[in-house]
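All figures in this text were calculated on a predicted structure; none of them were measured in a lab.
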Amino acid sequence: MRCYAFEGLTHSQADAFFPFIAALCAAMFFVWMISARSPSPRMQILQRHLRLLLFGAAWCYMARKYFLPDTAPIPLFFSGALILLLLESVLFWMQIKLLNTEEGALTPRYKETSNAWRPGKKFSELKERIEKAGFIKRASYSSKIEGVRPLLLTDFISADSKTLLTVSFVPTARAYLTAACAISFAEETGEVFYTNGIFMPFGLSYPENYKVRFMPLSGVNPEKILKAHARLTKGTELRAIEESALAISNKFSADIEAQCAHDGLLNAPEDVEEYGKLSQEGLFRVWKALFLLNYFGIAK
């Protein structure tokens, strides 16, 4: 079946294609307005896809009008989209390389703070929902990320003390993305159950005793996170959690770094100053995770 969306776009008729580009611009502006008022991972991904369509359409329009009037439009459209994907992939790689040369841990390191809860009606309602589910607030933490606002975290403990629910406020260019995570520990085997709802790339290794489920598109939906976490821990006898979220976070960081070192994702200590903390394989895995998350909402 032929696609006639771009057919007939000769040099003299190229301006007829402009309304399609204008419609994409209007759609991008509309999505941007919604995202500015209420940031969400789904809106971020939609913006990227609209931008990809816009770039491909604009490339096709310019090429057909000024450079390649006799070339079929569909290949031009896809070549334009591919150019943008390649440029953004290079940008992702440069960002990762830059972060790799900076001092600091692979995962955020938190310190306790008096308050890490964002103001506003919807966040007050969110806190009420969590408390109605039987969770009690324990503490608040923050973690400084180089060049951006701090990452904020508040932890809540279930009535039986067997599930720790954390709500994170992740800084973006314009606002904070909100996400929830749930953590539990097996009584006998020492397994760690972690349901991660944060829209952030990972790409590295968890130890074998970590049972992790990624839900990057769930956003701040504690009910959805807890339901998925219950499925993850089904049939397992859980122990009461006595550690603070800070202690658990620090242990997570240490365990992940040890596993990454074992898997060859980290450079040797003597090479860190010259090449950064992550090895080439580690850099590639983080780059791949960043690409899949930003375009498809997939986290591994």
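In summary, Glu125 and Lys132 do not engage in a salt bridge, as defined by a charged side-chain N under 4.0 Å from a carboxylate O. Between Glu243 and Lys251, none of the side-chain N atoms (NZ, or NE/NH1/NH2) sits under 4.0 Å from a carboxylate O, so this pair counts as no salt bridge.
Follow the hydrophobic side-chain contacts under 4.5 Å out from Leu98 and you never reach Trp93; the two are in separate clusters. Criterion: ILVMFWY side-chain heavy atoms under 4.5 Å apart, direct or through other members. Under it, Tyr61 and Phe67 are part of a common hydrophobic cluster.
Using a 4.5 Å cut-off between side-chain heavy atoms of Ile, Leu, Val, Met, Phe, Trp and Tyr, Leu86 falls into a hydrophobic cluster with Leu82.
A distance of 4.0 Å separates OH in Tyr141 from OG in Ser244, rounded to the nearest 0.5 Å. Note that the CZ atom of Phe55 and the CG atom of Leu87 stand 6.0 Å from one another [nearest 0.5 Å]. Note that CD1 of Ile157 is 7.5 Å distant from OG1 of Thr163, once rounded to the nearest 0.5 Å. The CD1 atom of Ile136 sits 11.5 Å away from the CG atom of Asp155 when rounded to the nearest 0.5 Å. Here the straight-line distance linking atom CD1 of Ile183 with atom CG of Leu238 works out to 12.5 Å at 0.5 Å rounding. Residue Gln47 holds its CD atom at 11.5 Å from CG of Asn294, rounded to the nearest 0.5 Å.
In the displayed structure, Glu270 atom CD is contacted under 6.0 Å by more than 12 heavy atoms of other residues, nucleotides or ligands. For NE2 of His49, the number of neighbouring non-hydrogen atoms (other residues, nucleotides, ligands) closer than 6.0 Å is greater than 12. In the displayed structure, Lys122 atom NZ is contacted under 6.0 Å by more than 12 heavy atoms of other residues, nucleotides or ligands.
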Checklist entry - Please walk me through it: do Lys227 and Lys224 pass side chain to side chain contact (heavy atoms under 4.5 Å, CB included)? => result CA-CA 5 Å; Lys227 189 175 181 179; Lys224 187 175 182 179; 5.8 Å; no
Next on the checklist: Between Asn209 and Thr189, is the side chain to side chain contact (heavy atoms under 4.5 Å, CB included) condition met? List the steps.
Outcome noted: CA-CA 9 Å; Asn209 66 318; Thr189 63; over 6 Å; no
Item to check | CA sep, side-chain torsions, deciding dist, call: Asp255, Tyr206, side chain to side chain contact (heavy atoms under 4.5 Å, CB included) | outcome: CA-CA 7 Å; Asp255 290 349; Tyr206 280 100; over 6 Å; no
Next on the checklist: Does Ile248 form a side chain to side chain contact (heavy atoms under 4.5 Å, CB included) with Ile241? I'd like the steps, not just the answer.
Outcome noted: CA-CA 10 Å; Ile248 292 172; Ile241 300 174; 3.9 Å; yes
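There is a side-chain donor-acceptor pair under 3.5 Å between Trp59 and Ser79.
What you find for Lys277 and Asn100 is that their closest heavy atoms are N-OD1, 3.1 Å. The two residues Ile21 and Ala58 make their nearest non-hydrogen contact at CD1-CA, 3.9 Å. Here the closest heavy-atom approach between residue Cys181 and residue Gly197 is recorded as SG-N, 3.6 Å. The minimum heavy-atom distance linking Ser142 with Thr113 is given by the pair N-CG2, 4.1 Å. Considering all non-hydrogen atoms of both residues, Ser158 and Phe135 come closest at N-CD2, 3.4 Å. Residues Arg285 and Ser205 come closest through the heavy atom pair NH2-OG, 3.3 Å.
Listed for the Asn267 side chain is no donor-acceptor partner under 3.5 Å among the backbone atoms of Val272. In terms of modelled atom types and a separation under 3.5 Å, the side chain of Trp287 and the main chain of Phe92 share no donor-acceptor contact. Thr236 contributes no side-chain N or O that, together with a main-chain N or O of Ala186, makes up a donor-acceptor pair within less than 3.5 Å. For Asn196 (side chain) and Ile198 (main-chain N/O), a donor-acceptor pair under 3.5 Å exists by modelled atom type. For Ser89 (side chain) and Leu85 (main-chain N/O), a donor-acceptor pair under 3.5 Å exists by modelled atom type.
Screening residues 199-218 for salt bridge (charged side-chain N to carboxylate O under 4.0 Å, His left out) gives Glu191-Lys211 as the qualifying pairs, with residues at least two apart or on separate chains.
Just one of Phe185, Phe202, Phe252, Tyr194 meets the ring pair (Phe, Tyr, Trp, His ring centres under 6.0 Å) condition when paired with Tyr210; it is Phe252. Of the candidates His229, Arg239, Lys162, His229 is the only one forming a side chain to side chain donor-acceptor pair (under 3.5 Å) with Ser184.
Looking only at side-chain heavy atoms (C-beta outward), Phe199 and Ile45 come within less than 4.5 Å of each other.
Trp117 and Phe169 have their aromatic ring centers within a separation under 6.0 angstrom.
Between Tyr295 and Phe291, the ring planes lie tilted relative to each other; the angle falls in the 30° to 60° range.
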